[in-house]
Trainee: 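Structure provided below as structure tokens; questions to follow.
A note on names: the letters A, B, ... follow the listed sequences, proteins ahead of strands, and every chain is numbered from 1.
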Protein chains: 2
Amino acid sequence: MTSTASYRGRGRPRGFVEDEALDRAIHVFWEHGYEGTSLSDLTAAMGINKPSLYIAFGSKEELFKRALVRYKDTYVAYAAGTLEEPTAYAVIESYLRTAVDALTGSGHPPGCLSIQGGLSCAPSNSGISEFLAAYRAVFEGELAQRLARAEKEGDLVGGTDTAALARFVVTLGQGLAVHAAAGAGREDLQAAVEVGLRAIAAYVPSGTSVTPAAANGA
Amino acid sequence: MTSTASYRGRGRPRGFVEDEALDRAIHVFWEHGYEGTSLSDLTAAMGINKPSLYIAFGSKEELFKRALVRYKDTYVAYAAGTLEEPTAYAVIESYLRTAVDALTGSGHPPGCLSIQGGLSCAPSNSGISEFLAAYRAVFEGELAQRLARAEKEGDLVGGTDTAALARFVVTLGQGLAVHAAAGAGREDLQAAVEVGLRAIAAYVPSGTSVTPAAANGA
DNA sequence: GCATTTCTGTACCGAGTGGTAGGATCCGCC
DNA sequence: GGCGGATCCTACCACTCGGTACAGAAATGC
């Protein structure tokens, strides 16, 4: 229905692949933010012209929202995966470590679109910052739920404020994103994560396995 | 020299107080970011018109930079003060707690100007985001120095990676700012800080006093 | 072939951007 | 009072913004 596939209709076919153009848009928004990106920047990067953009995506704002959705499904897919880890500690550790890799990975701008996109905007664009804030809140909620389950399952000490723990983790993650956007390297961020994980260890019942060394694997 | 005081010169006197106008500018930039703020927004908030603004501050960009300097000297003066605390733990605890208060205080927009101002900008405004990043790096450096001193003085366990510790603290602080900008309340942020302080405790030699109260019991 | 349908390209729209010119206005000094 | 000097206000500048009208181009269906 959303015609992401190559629909062979009756008229002249599109000269571009929608998801491909969307990926280009993601990169521009990611690097320069919503307000720092003009339609000219977008059309130049996407390789299409304004009427085509408008027909395909509706408006700059709708394009941004669709870009964010795709961003989530591609660049941030790892986050959902981390929730599947067996224990609370493993979830948090996995999330923070993969976040660092994602924030500083090559092939895309550093940092996180959901923050760089528009932490604060002009009044006329306030919908953007609200949309982004709501988006960020979703993962925090999912993580809080996951940690609440973990507390019931006994791999967090009883009585742990799981909401606070989740908030701490995403807060640290967002701080990492800010740092990454400013050019901090992977090692720098990993070092901060190691410190943060020390805090988590305090909420893990003694006896539960906490990955022993810092960054190395099993 | 900078004529911040009311200089009685030979010509017509100014119809506004410079620092007062600067404070208004700070608030607008703080809430909407550099690119989300137009000259019209500024003149309306500052109560002066464009030529006066231009004569007094040079340009939008110079106004922003002067606003950031004043912001640092007023709204973020607490940060420098926290470095005077006697121990590393006290420094970090004081910084994070006062940061939460500052980020969610009344009488000004939530969050932090140095982040909301322009985490990422259009290419033509890249100087702004770089300027902000450099500004943020200053405090991280000061904190790292302070913690290095603390390690020598023995109130951090020997061999502590003080740079990583400093980076963790400011990373958490920046995450708090992102959350605050999105509307998180004081209690929410404090809860995250409590978790973070657990990590710090791991770097404090046993016997050193760690403020007991806060969130945990003993 | 030809009508139909859809997309592409150019050229344009009103509104708003950051920034400025020039004159009116108000002041201290003489 | 008159002069020189600094500020304030109106109106405007070239430019870019997001968004669109319209005609030409390329495909399908008959």
Trainee: Please give, in whole Å, the distance from C:dC27 P to B:Arg12 CZ?
Mentor: 7 Å
Trainee: Can you check the B:Arg14 CZ to C:dG28 P distance for me, whole Å?
Mentor: 16 Å
Trainee: Select one nucleotide: of C:dT10, D:dG29, C:dG19, the one nearest the side-chain heavy atoms of A:Pro51.
Mentor: C:dT10
Trainee: Among A:Phe57, A:Phe29, A:Tyr135, which residue satisfies the ring-ring contact (aromatic ring centres under 6.0 Å, His included) criterion with A:Phe64?
Mentor: A:Phe29
Trainee: Select one nucleotide: of D:dT20, D:dA26, C:dT25, the one nearest the side-chain heavy atoms of A:Pro13.
Mentor: D:dA26
Trainee: Between residues 22-49 of chain A and DNA chain D, which residues have a heavy-atom gap below 4.0 Å?
Mentor: A:Thr37, A:Ser38, A:Leu39, A:Ser40
Trainee: Before you tell me yes or no, could you show the steps for B:Leu165 and B:Leu156 under side-chain contact (heavy atoms from CB on, under 4.5 Å), namely the whole-Å CA-CA distance, both residues' side-chain angles and the distance that decides it to 0.1 Å?
Mentor: CA-CA 10 Å; B:Leu165 197 52; B:Leu156 281 177; 4.0 Å; yes
Trainee: Does a nitrogen or oxygen in the side chain of B:Ser52 sit under 4.0 Å from OP1 or OP2 of D:dC8?
Mentor: yes
Trainee: Tell me the interatomic distance from B:Phe57, atom CZ, to D:dT7, atom P, rounded to whole angstroms.
Mentor: 12 Å
Trainee: Salt bridge or not for A:Glu93 and A:Arg97, using N-O below 4.0 Å?
Mentor: yes
Trainee: Just how far, in rounded Å, is C1' of D:dT7 from CZ of B:Phe16?
Mentor: 9 Å
Trainee: Give me the residues of residues 120-129 of chain A where at least one heavy atom lies under 4.0 Å from an atom of DNA chain D, by number, or none.
Mentor: none
Trainee: Measure from CD1 on A:Ile55 to P on C:dT6 and round the result to the nearest Å.
Mentor: 11 Å
Trainee: So which of A:Phe168, A:Phe139, A:Tyr89 actually passes ring-ring contact (aromatic ring centres under 6.0 Å, His included) with A:Tyr95?
Mentor: A:Phe139
Trainee: Would you say a side-chain N or O of B:Tyr54 is under 4.0 Å from OP1 or OP2 of C:dT20?
Mentor: yes
Trainee: Ignoring hydrogens and angles, are the base of C:dG18 and the side chain of B:Lys60 linked by a donor-acceptor pair under 3.5 Å?
Mentor: no
Trainee: Do B:Thr82 side-chain atoms and B:Ala79 backbone N/O form a donor-acceptor pair below 3.5 Å?
Mentor: yes
Trainee: Could you please name the option among C:dC7, C:dG18, D:dT10 that lies closest to any side-chain atom of B:Lys50?
Mentor: C:dG18
Trainee: Consider only side-chain N and O atoms of A:Ser38 and A:Asp41, and report whether a donor and an acceptor are under 3.5 Å apart.
Mentor: yes
Trainee: Regarding A:His179 and B:Glu140, is there a side-chain donor-to-acceptor distance under 3.5 Å anywhere?
Mentor: yes
Trainee: Any salt bridge linking A:Arg167 with B:Glu194? Criterion: basic side-chain nitrogen under 4.0 Å from a carboxylate oxygen.
Mentor: no
Trainee: Write down the distance between CG (A:Leu53) and C1' (C:dT8), rounded to a whole number of angstrom.
Mentor: 13 Å
Trainee: In plain terms, say whether A:Arg146 and A:Glu142 are close enough for a salt bridge, that is, a side-chain N and a carboxylate O under 4.0 Å apart.
Mentor: no
